[in-house]
Participant: 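Provided herewith is a single structure, encoded as structure tokens, for subsequent inquiry.
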2 protein chains.
Amino acid sequence: MRRVTIRDVAAEAGVSIGTASKALNGQGKLRAETRERVAEVAERLGFAPNTLAQALLAGRSFTVGLITTDSFGRFSIPVMLGVEDALGTGQVSVFMCDTRDDPERERRYVETLAARRVDGLIVSGRRIEPRPPVVAGPGIPVVYAMTQPVGEDGPAVVPDDEGGGRVAAEHLLHGGRRRIGHITGPERFLGARMRAAGFGATLAQAGLRAHGGVRFGEWSERWGREAAARLLAEEPGTDAIFCGSDQIARGVADTLRAAGRAIPGDVALVGFDNWEPMALGAQPPLTSVDMCLEEVGRVAAGLLLAAIAGEPARGTRRVPCRLVTRQSSRPGPTG
Amino acid sequence: MRRVTIRDVAAEAGVSIGTASKALNGQGKLRAETRERVAEVAERLGFAPNTLAQALLAGRSFTVGLITTDSFGRFSIPVMLGVEDALGTGQVSVFMCDTRDDPERERRYVETLAARRVDGLIVSGRRIEPRPPVVAGPGIPVVYAMTQPVGEDGPAVVPDDEGGGRVAAEHLLHGGRRRIGHITGPERFLGARMRAAGFGATLAQAGLRAHGGVRFGEWSERWGREAAARLLAEEPGTDAIFCGSDQIARGVADTLRAAGRAIPGDVALVGFDNWEPMALGAQPPLTSVDMCLEEVGRVAAGLLLAAIAGEPARGTRRVPCRLVTRQSSRPGPTG
DNA sequence: TGATCCAAGGAATAGGTTTTCCTTATCCCC
DNA sequence: GGGGATAAGGAAAACCTATTCCTTGGATCA
């Protein structure tokens with residue numbers, strides 16, 4: 001019933017506790033024969049060192065806390081996987097904490113984590129908007145992923161929304177489109193503004209601008225349907241639409257189909273998020289900008305490990321977006 | 001820089017370490033004045049007891065491991081939230097472990113968790129199919145959520161798929177539908193079979209059977225579109241379709257609309273999963289069966305806590321499904 | 001006045017591991 | 001043969017807290 005300790009191993013092997021420890025960790029001066037005997041006994045007894053005791057002694061726990069505000073939603077999950085991926089192999093375990101956007105819950109979590117002597121903290125969010133910084137106490141580094149601290153200079157890792165807007169625009173221009181609209185989420189979202197900015201900048205280089213102007217609204221399919229209907233009415237010549245999310249793109253696609261416009265024949269479509277169930281289920285499957293959120297998580301975890309090792313970082317890093325091409329944007333009318 | 005320990009508090013308050021501990025924990029015999037003084041010093045110094053040391057002493061760590069095989073996908077996330085919800089308030093922290101369906105990774109995680117002296121383990125999955133049991137070592141209880149151990153009698157918590165099929169059927173019958181089809185995922189999925197069974201049993205009680213037979217296929221929108229087309233061709237009189245997932249239901253809806261059938265006027269639609277982005281984005285929004293996965297997680301966490309407290313459970317518990325009514329199934333032709 | 005009792009708080013132990021320092025024995029060389 | 005170097009391994013401290021047992025001093029009582 002009781003877990004076997006190094007004391008049991010030592011007794012069974014006929015050595016002292018310290019010697020057993022050295023044998024198992026390759027330290028000190030021991031006869032090869034002794035090392036082997038101890039190792040064999042440990043193996044046979046199924047000994048595994050108590051991490052708690054090690055942590056207490058070493059002054060670090062080889063754990064980190066992962067705090068998310070959005071109930072591990074669609075955006076924080078991939079980030080989390082990236083974090084876990086990057087840390088898991090290094091034998092660092094991750095405490096998950098969902099604050100449900102409640103500052104009080106967050107405070108309690110941070111306290112608990114500090115009491116557990118986590119080596120560091122990753123704070124993740126659903127939006128890249130700056131948020132109040134987390135203070136975990138002296139010596140506990142914090143890295144932000146998919147969000148940024150307000151009033152501090154990082155360290156943070158976010159997707160490059162502006163770049164995402166650029167690649168979408170480049171792709172559509174390259175496909176021969178010239179009258180490209182943009183339907184996206186609420187203007188108060190920093191991400192939406194940055195995507196629109198990157199998109200607009202690239203069009204400007206080609207001497208163009210968003211066809212029909214940038215249309216901010218909601219992140220829903222309904223908004224996609226509605227906005228597309230208006231855009232078609234006002235700018236019937238539109239030959240491509242860059243959408244701020246795959247959900248919006250689906251709504252847009254529905255309206256286009258209902259209006260008898262072929263995708264991509266008449267109008268090419270590019271979404272954002274590359275949310276597979278949405279993008280693949282659409283008719284036709286959606287070209288979409290992937291924010292590489294797992295990579296965001298991995299980079300954040302890397303920064304945290306560096307900080308724990310004594311090399312803290314500052315500033316905000318932007319992870320490039322990747323365009324995933326599918327049928328909704330195959331070369332168009334002139335191509 | 002160094003975290004303040006109880007030794008610092010004791011010194012500052014002019015008492016011994018033991019006394020400080022008693023003062024802070026309400027133990028032993030101390031003057032009220034002493035307790036207050038210690039408390040005040042602890043507060044001032046920002047003292048929080050080192051959980052690692054407490055755990056080492058108490059023989060339990062107040063942590064549990066949460067193992068998932070499906071990269072925290074759409075099904076394990078809500079389960080996870082429920083678990084975290086039920087445990088978080090009890091000051092139990094959760095280690096997250098994503099095995100990515102790799103038995104070797106899983107083995108390593110279980111070892112690591114055992115070395116960290118977790119008090120228990122929750123194993124979650126993406127399907128309710130039985131899976132090889134996890135052996136965490138002596139004295140570490142395991143509870144399965146959204147999956148079951150093969151060859152052992154739980155303890156496991158899964159959604160009541162059969163009941164889900166029943167409520168869907170009852171709802172449609174109650175709405176006056178009589179020719180109700182069923183389009184669902186692959187037959188090899190236990191969940192799909194159970195939903196179909198519950199659905200069929202309820203229809204049988206009304207002297208009916210699945211209109212056009214149960215159609216197993218895939219979990220995709222494409223399959224929904226394809227199967228609906230065939231069903232309409234073979235059984236034009238179909239007045240309702242129960243779908244094995246919301247994705248399938250969306251595909252079905254697309255085909256129905258393209259065929260000029262009104263939803264719910266001509267054909268009522270019920271989905272499964274109540275996956276909001278899918279269900280709400282559909283035209284019209286989908287009535288859907290919600291598996292209450294958060295509740296599954298909460299129940300599993302409860303069982304684990306009980307097991308840790310010395311009251312192990314056995315068997316498989318089924319958490320009832322809940323029907324969420326939306327426009328796709330408003331009372332139909334005869335109603 | 002001496003024996004009891006109680007209040008208040010100190011000392012020590014336990015928990016499991018790692019590391020530093022120390023001891024013992026053997027060997028080599030002068 | 002004695003001194004020093006070296007090999008091999010033991011003893012003990014350290015990490016931090018909670019608890020058990022013990023001590024001290026004062027008050028009470030006969």
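Order of the sequence lines sets the chain letters (A, B, ...), proteins ahead of strands, with each chain counted from 1. Heavy-atom basis, side chains included; hydrogens, waters and symmetry copies ignored.
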Participant: Is it the case that the side chain of A/S61 and the backbone of A/R117 share a donor-acceptor pair, with hydrogens and angles ignored and the cut-off at 3.5 Å?
Facilitator: yes
Participant: Could you tell me which residues satisfy salt bridge (charged side-chain N to carboxylate O under 4.0 Å, His left out) with B/R116, sequence neighbours excluded, listed by chain and number?
Facilitator: none
Participant: What is the separation between atom CD on A/Q27 and atom C1' on C/dT17, rounded to the nearest whole Å?
Facilitator: 13 Å
Participant: Answer yes or no: is there a donor N or O on one side and an acceptor on the other, between the side chain of A/T99 and the main chain of A/T68, under 3.5 Å?
Facilitator: yes
Participant: What integer distance in Å separates B/I17:CD1 from C/dA11:P?
Facilitator: 10 Å
Participant: Quick one: does B/P141's side chain get under 4.5 Å of B/L121's, heavy atoms only?
Facilitator: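 SC-SC contact between B/P141 and B/L121 ruled out.
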Participant: Let me know, please, whether A/G18 or B/E33 comes out on the 5' side of the other along DNA chain C by nearest nucleotide.
Facilitator: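 The residue closer to the strand's 5' end, by nearest nucleotide, is B/E33.
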Participant: So does A/R131 pair up with A/E106, basic N to acidic O under 4.0 Å?
Facilitator: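 Salt bridge: yes.
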Participant: Who are the side chain to side chain donor-acceptor pair (under 3.5 Å) partners of B/R127, not counting sequence neighbours?
Facilitator: B/E129
Participant: Under 4.0 Å from any heavy atom of chain B: name the first and the last nucleotide of DNA chain D that qualifies, 5' to 3'.
Facilitator: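 So the outermost contacting nucleotides come out as D/dC16 to D/dT20.
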Participant: Have a look at B/T19 and say if it touches a base, only the backbone sugar-phosphate, or nothing, with a 4.0 Å heavy-atom cut-off.
Facilitator: base
Participant: Would you kindly give the CG-to-C1' distance between B/L24 and C/dG9, to the nearest whole Å?
Facilitator: 14 Å
Participant: Could you check how far CZ of B/R116 sits from C1' of C/dT17, rounded to whole Å?
Facilitator: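 Interatomic distance, CZ of B/R116 to C1' of C/dT17: 15 Å.
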Participant: Within the structure shown, what part of the strands sits under 4.0 Å from B/T5 by heavy-atom distance: base, sugar-phosphate, or nothing?
Facilitator: sugar-phosphate
Participant: With a 4.0 Å cut-off on N to O distance, would you call A/E111 and A/R108 a salt bridge?
Facilitator: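 Result for this pair is no, no salt bridge flagged.
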Participant: Tabulated below should be each protein N or O lying under 3.5 Å from an N or O of nucleotides 6-8 of chain C; please produce it.
Facilitator:
| from | atom 1 | to | atom 2 | distance (Å) |
| --- | --- | --- | --- | --- |
| C/dA7 | OP2 | B/K29 | NZ | 2.8 |

Participant: If we fit an axis to the first five pairs and another to the last five of the helix from C/dT1-D/dA30 to C/dC30-D/dG1, what angle do they make, to the nearest 10°?
Facilitator: 80°
Participant: I'd like to know if the side chain of A/D98 reaches the main chain of A/R100, judged simply by a donor and an acceptor atom lying under 3.5 Å from each other, with no hydrogens or angles considered.
Facilitator: yes
Participant: Taking the nucleotide of DNA chain C with the closest heavy atom to each, which residue, B/R117 or B/G14, is nearer the 5' end?
Facilitator: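 Between the two, 5'-proximity favours B/G14.
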Participant: Listed in order of residue number, which residues of residues 38-61 of chain B have a non-hydrogen atom at under 4.0 Å from DNA chain C?
Facilitator: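 DNA chain C contact set from residues 38-61 of chain B: B/A53, B/L56, B/L57.
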Participant: Using modelled atom types and a 3.5 Å cut-off, is there a donor and acceptor pairing between side-chain atoms of B/Y144 and backbone atoms of B/I128?
Facilitator: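 Such a contact is absent between B/Y144 side chain and B/I128 backbone.
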